[in-house]
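Take a look at the structure below.
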Amino acid sequence: MINQLLAGVHIASWAEAMALGARLGLNTRMLFDLVKNSGGTSWMFENRVPHMLDNDYTPYSALDIFVKDLGIVTRESSSLKVPLHIATVAHQLFLADMTMHSGKLGPALPFLIWINYPRGVSSLAWKRATCTEGPKGSAAGWGRQDDAGVVKVYETLTGVKVEGKLPVLKKEVVLQSLPPEWPLDPIDDIHRLNQSNSKTLVVLDDDPTGTQTVHDIEVLTEWLVPAGDTEFARDASFGYKSSNLREWAEEKTRGRISASSVSSISINLLRKGGPDAVCDTLCNLQKEELRGKSFLCRTAASFVSTRIGIIPKAPILPKDLGINKERKGGLIVVEELKLQCGHFLKKLEVSVDKLAMKSLEEREEEINRVAEMANLFLGASKDTLIMTSRELINGKTAYESLEINFKVSSALVEIVRRISTRPRYILAKLGPESRHPGVPYIVFPGNVGDSKALADVVKSWALPSRLSSTKELLLNAERGGYAVGAFNVYNMEGVEAVVAAAEEENSPAILQIHPSALKQGGIPLVACCVSAAEQANGFDSLMVDGSHLSLKDNIAYTKYISLLAHSKNMLVEAELGRLSGIEDDLTVEDYEARLTDVNQAEKFIDETGIDALAVCIGNVHGKYPASGPNLRLDLLKDLHALSSKKGVFLVLHGASGLSEELIKVLSLPPSPVSARRH
């Protein structure tokens, strides 16, 4: 009872002191650091005030406890006729915090108010108020918050916040404040010591990402000694509040080891004193008087390469492993990858909802779908990204959320297992056992680098695109906000005219052969186009039109052609939606015409693996009616958003009858297209 009296009074008095400091305009975080190193500090101050500064009232000791315990104290003091004024005030503060958050005050419950006297002097006074309902704070859940929340009484009454926001530090300023690096490179000394030492250095890591900091050493991914078990690699440091390792040691041991008893080697000592100063510091520790003692180092992964004496080298590239000439696509399995890679990756999005929340049949169907499409893309020399959908799904409890996470991660592992096509490489943040032994496996550390780091790695390993490919032409057009003209040619003169005009205007262009022209011109016409394109820095692509088929048959037909074309590194364009007009000797009546459906387009792109999609938004082949074109630009905007998400280019047929002004409108972001003139 005496202990709880002291503890409760301490918490209440520190809340009062910090509130006064905030009202005086002081930086409360600096105030805390000052008091912590002065005679006014206490264990309760150092333990509870950080909760106030962080505005984090996760309960370590609930407010309800002090309402109860101090209530016992005051009742006992009343029966013994011992006036405990300070304890009584502290008790009322805890009660006030509960009732203040519930919005209701109990009968005859004292609470704090500010009284403004005529001369403007403010004083804190006790008043009594009578309300019809009792305190509901505990029932409302406020009583279960941390007892440091008593500071909210003062925050409510004064309008100030005790919370001390950490200052925003600029990296450049922090780095400039550090002393310069130690000028002497110790690498030669390290090598000499290692050669004279017969011991073997064993490094234990809780995940494989530390291997990114070393090279040319043995890495074991399995611990076969039963005594090692899992305890050696278990690391519970995540989830702690302290980033300073001395304070972390105290927090982890729950006060058994105080921060003051932990020695620390600062960056100033490292850079100013060098190896000798560090050696002296370690050897002069209280229990380590003699040189030759052993130390257990709990460090970051980069410490290992320094300790062993590994000389850094540039990250490994495909040419270093001799796989730069392999044409299979690479497999990237991550939770999220920034869109910097969208234009050269085939993206497969896995539905988290189907994996974690739907039936086993739907989960199995989703796993099979993604694995099948990945096989198709990898076999077609496409670097393939498998990523989870972006919707956030949380369980009702922490256990349910953990279960959802497990279902998703295990599904990703299963997808990789079902991919039969051997990829050029695998890049992942997780480490499932390899389905393809011998394939370069890139383990990407999830906690290093900026938002572009993973994208940079993917770019360096992706298959290089040939210069001036159709895909590159369309990508540059999208970035520049212009359209690329695609012109039907019927003979050599037409081919020469298109190429000459494109070169004169310094503009990209696409040569395409109409089916009727192919019947007449045959292989010589194709050879003429290829030769002209090669001499003009052009490239080859293929347009497959199954728009006259049902959606199911169109998907099957396009998927087959796409697989054949991709095996030759050709860009594939397909068509979805019927256009009015005359095309390929087939008259398409107006009543048969239909616009491209966005939902069907998404399904079509996912299942066929195409690179470009020709859509119908009201455009026609041949002549437009006298009233002019009636284009659904709103539909085009939705289709462009979908194509951008999927990394597919948009194509608009039937541009011959459109005005130059309308072509410019269609070419500007957010709806750039490749416009085809006939």
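Side-chain atoms of His191 come within 3.5 Å of backbone atoms of Gly309 as a donor-acceptor pair (strictly under, hydrogens ignored). With Thr596 contributing its side chain and Cys616 its backbone, the two residues share a donor-acceptor pair below 3.5 Å. Looking only at distances, no side-chain donor or acceptor of Asn375 sits under 3.5 Å from a matching main-chain atom of Ile419. Remark: the backbone N or O of Phe406 is paired with a side-chain donor or acceptor of Ser409 at under 3.5 angstrom. When atom types are taken as modelled, the side chain of Ser389 and the backbone of Val352 share a donor-acceptor pair closer than 3.5 angstrom. A donor-acceptor pair is defined here as one N or O able to donate and one able to accept, closer than 3.5 Å; such a pair exists between the side chain of Lys347 and the backbone of Lys645. For Ser644 (side chain) and Ala641 (main-chain N/O), no donor-acceptor pair under 3.5 Å exists by modelled atom type. A donor-acceptor pair under 3.5 Å links the side-chain atoms of Ser562 to the main chain of Thr608, judged by distance alone.
How far OG1 of Thr558 is from CG of Leu576: 8.5 Å, rounded to the nearest 0.5 Å. For the atom pair Leu518 CG and Gln512 CD, the distance stands at 12.5 Å (nearest 0.5 Å). Atoms CD1 and CG, from Ile617 and Asp638 in turn, are 11.0 Å apart once rounded to the nearest 0.5 Å. Taking SG from Cys529 and CD1 from Ile510, the interatomic distance works out to 12.5 Å, rounded to the nearest 0.5 Å. Taking CD1 of Ile555 as the reference point, atom CD of Gln600 lies at 8.0 Å (rounded to 0.5 Å). Taking CG from Leu571 and CE from Met543, the interatomic distance works out to 11.5 Å, rounded to the nearest 0.5 Å.
The nearest pair of heavy atoms linking Leu595 to Gly618 is CD2-N, 3.4 Å. The shortest non-hydrogen separation linking Leu355 to Arg363 is O-NH1, 2.9 Å. Considering all non-hydrogen atoms of both residues, Ala517 and Leu525 come closest at O-CD2, 3.9 Å. Residues Met570 and Asp611 come closest through the heavy atom pair O-OD2, 4.1 Å. Across all their heavy atoms, Gly330 and Asp383 have their closest contact at N-OD1, 2.8 Å. Considering all non-hydrogen atoms of both residues, Ala574 and Ile610 come closest at CB-CG2, 3.8 Å.
Within 6.0 Å of the NZ atom in Lys358, the count of heavy atoms belonging to other residues, nucleotides or ligands exceeds 12. Counting non-hydrogen atoms of other residues, nucleotides and ligands closer than 6.0 Å to CD of Glu365 gives a total of 12 or fewer. Heavy atoms of other residues, nucleotides or ligands lying less than 6.0 angstrom from CG of Leu175 number more than 12.
Side-chain contact, Asn554 with His548: no donor N or O sits under 3.5 Å from an acceptor N or O. Under the 3.5 Å distance criterion, with hydrogens and angles disregarded, no donor-acceptor pair is assigned to the side chains of Tyr557 and Asp545.
The pair Lys559-Glu607 does not meet the salt-bridge criterion, since no charged nitrogen lies less than 4.0 angstrom from a carboxylate oxygen. Taking 4.0 Å as the cut-off between side-chain N and carboxylate O, Arg418 and Glu364 count as a salt-bridged pair.
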| query | Step by step, would you call Asp353 with Glu366 a side-chain contact (heavy atoms from CB on, under 4.5 Å)? | reply | CA-CA 10 Å; Asp353 182 59; Glu366 180 70 358; over 6 Å; no
| query | After noting the C-alpha distance and the side-chain angles of Ile404 and Met357, does the key distance pass the side-chain contact (heavy atoms from CB on, under 4.5 Å) rule? | reply | CA-CA 8 Å; Ile404 291 172; Met357 309 303 291; 4.0 Å; yes
| query | Between Leu639 and Leu635, is a side-chain contact (heavy atoms from CB on, under 4.5 Å) present by the stated rule, with each step listed? | reply | CA-CA 6 Å; Leu639 289 168; Leu635 176 58; 3.9 Å; yes
| said: Under the criterion side-chain contact (heavy atoms from CB on, under 4.5 Å), I'd like the reasoning laid out for Leu613 against Phe649: C-alpha separation, chi angles, the key distance, then a yes or no. | reply: CA-CA 6 Å; Leu613 178 65; Phe649 300 103; over 6 Å; no
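The side chain to side chain contact (heavy atoms under 4.5 Å, CB included) test with Cys528 singles out one residue from Ile513, Leu511, Val495, and that residue is Val495.
With a 4.5 Å cut-off on side-chain heavy atoms, Leu642 and Val648 do not count as touching. A 4.5 Å side-chain heavy-atom check between Leu331 and Thr421 finds every atom pair outside the cut-off.
For the pair Lys382 and Phe377, the cation-pi test (distance below 6.0 Å, angle within 45°) is failed.
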